[in-house]
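As structure tokens, the structure follows; a few thoughts come after it.
Just the heavy atoms: all of them, side chains too, but no hydrogens, waters or symmetry mates, feed the values below. One is the number of the first residue; the rest follow in order along the sequence.
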Amino acid sequence: MRRDQGVSLERDGAEIPPNPEPQGTYALDTRRASTSAFRRFGELHLQEMVISVVALALILFFTIESPYFFTTDNAAALASFIAPIAFFALAEVPILILGEIDLSVGEVYVLSPFLVQHFNNAGIPVPLAIVLAMVICAAVGWANGLITVKLHIPSFITTLGMTFALEGIILIGSNGAPANPVGTGTLALVLGGGTWAEAYWAIATMMILFIMLRRTSFGLHIVAAGGNAESARESGIKVDFVKIWCFVLCAFVGGLIGILDGYHIGSIDPDTPGLTFMFYGVAAAVIGGTALTGGRGTMIGASIGAVVLGILEDGFHVIGVSSFAYDLILGVAILIAMFLNVQIERATIRGAGHGSFARMLSFPFSRRKESVRR
């Protein structure tokens, strides 16, 4: 019978008391479990926590510098800065996790609203024109992935060639002239015309891609293929299939933000610097903790990186700093982020990073672990 029920056992007329339970066992186990959970959380989200602190510090700085920054009116302007960068960052994260890059997503962004206009001018209703435009954008991504995987051409070269090809197609089709997005009314308001519509789309996209990356087998296969492609193949993962569909996903998201941004701005311009926007997205992803060498990246971190860049850009406008300083600070931020990524990666590997900045980053977690052991 169970001793914890308070039932005693008798043998030869003698009562044998139940063995006493060791005191503090459950408290110690709970402490160890909580510390282990804290350590795992820190190792997984250290970069996100660091960049979140940076974002909060920037908000505090610009709020002190200008009374116009932390206002309702400026919040809408801030969202318009953050949303496009966030879309590009989210589009690039799966590609970067694989150790690849897609330079052409910026031109897909420029192409999609012109495709909608072209189909509508041909007599196709606007909703169907949008669907057809998105299908073509996905086909561009499929071509990028197929050329990269099957012809073994580096994705940098493949997408660079596609960038110039799409730019030529856009200029030829539009004769180099800007145009207005087609469609009005509720459709236009929902697809970016509303003040907060683009921000809502960005949040929804982030949540969907977060679930895809963390909660589906396809997302796990992306991380596995990015970490070690050969081991992933030996494990039965179709690495080529994963890469191709990540390029399709990247181009699809790029086409979506092109349509949303067209309605938000109210015009579409063939000379839009899509390549520059793409690099802003890559910068946001890197600042948010995505490794350019592959194997690691988060949608939340990329979104927070976009928030940081948006705060910087909007804050400089509010306090009257030259926009040229934005590029300087962006370059420095990328270098610092890469330094932190390397050191944090060392800090989260057992036995690595001793005698370096990584040791300082891992100090809070290792100290808590030592205190529990004592």
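There is a path of hydrophobic side-chain contacts, each under 4.5 Å, that joins L78 to I319. Under the 4.5 Å side-chain heavy-atom criterion for grouping Ile, Leu, Val, Met, Phe, Trp and Tyr, L56 is not connected to F62 through any hydrophobic cluster.
The CD1 atom of I59 sits 12.0 Å away from atom CD1 of I64, with the distance rounded to the nearest 0.5 Å. Atom CD1 of I95 and atom NZ of K243 lie 9.5 Å apart (nearest 0.5 Å). For the atom pair T163 OG1 and L103 CG, the distance stands at 5.5 Å (nearest 0.5 Å). Between M278 atom CE and E92 atom CD the span is 6.0 Å, to the nearest 0.5 Å. Distance CD/E167 to OG1/T272: 10.5 Å, rounded to 0.5 Å. Rounded to the nearest 0.5 Å, atoms CG (L90) and CG (L213) are 10.5 Å apart.
Atom CZ of F70 has 12 or fewer heavy atoms from other residues, nucleotides or ligands within 6.0 Å.
Judged purely by atom type and a 3.5 angstrom limit, W201 has no side-chain atom pairing as donor or acceptor with the backbone of I257. A donor-acceptor pair under 3.5 Å links the side-chain atoms of D269 to the main chain of D271, judged by distance alone.
At a threshold of 4.5 Å between non-hydrogen side-chain atoms, the residues N120 and Q117 do not count as touching. Within the 4.5 Å cutoff, side-chain heavy atoms of E313 are placed close to those of I85. Contact annotation: the side chain of I329 approaches that of F316 to within less than 4.5 Å [non-hydrogen atoms, C-beta and beyond]. The shortest side-chain heavy-atom distance between P178 and S267 does not fall under the 4.5 Å cut-off. At least one side-chain heavy atom of I130 sits under 4.5 Å from a side-chain heavy atom of L191. With a 4.5 Å cut-off on side-chain heavy atoms, L166 and V140 count as touching.
Checked against V116 for a side chain to side chain contact (heavy atoms under 4.5 Å, CB included), the options I259, L132, L111 give a single hit: I259.
Note on ring orientation: taking the six-membered ring where Trp is involved, the planes of F81 and H317 are parallel (angle under 30°, cut-offs 30° and 60°). Ring geometry for F277 versus F88: interplanar angle of 30 to 60°, hence tilted.
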Original post:
Stepwise, does the side-chain contact (heavy atoms from CB on, under 4.5 Å) test hold for F210 with S303?
Top reply: CA-CA 11 Å; F210 172 81; S303 301; over 6 Å; no

Original post:
Would F252 and V108 count as a side-chain contact (heavy atoms from CB on, under 4.5 Å) if you check the C-alpha gap in whole Å, the side-chain angles of each, and the deciding distance to 0.1 Å?
Top reply: CA-CA 8 Å; F252 184 88; V108 174; over 6 Å; no

Subject >> Check against side-chain contact (heavy atoms from CB on, under 4.5 Å), F87 and T205 >> reply: CA-CA 8 Å; F87 268 106; T205 303; 3.4 Å; yes

**OP:** Please step through side-chain contact (heavy atoms from CB on, under 4.5 Å) for the pair L249 and M212, ending with a clear verdict.
**Re:** CA-CA 11 Å; L249 178 63; M212 181 273 295; 3.7 Å; yes

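Other residues sharing the hydrophobic cluster of W196, ordered by chain and number and joined by side-chain separations under 4.5 Å: Y200.
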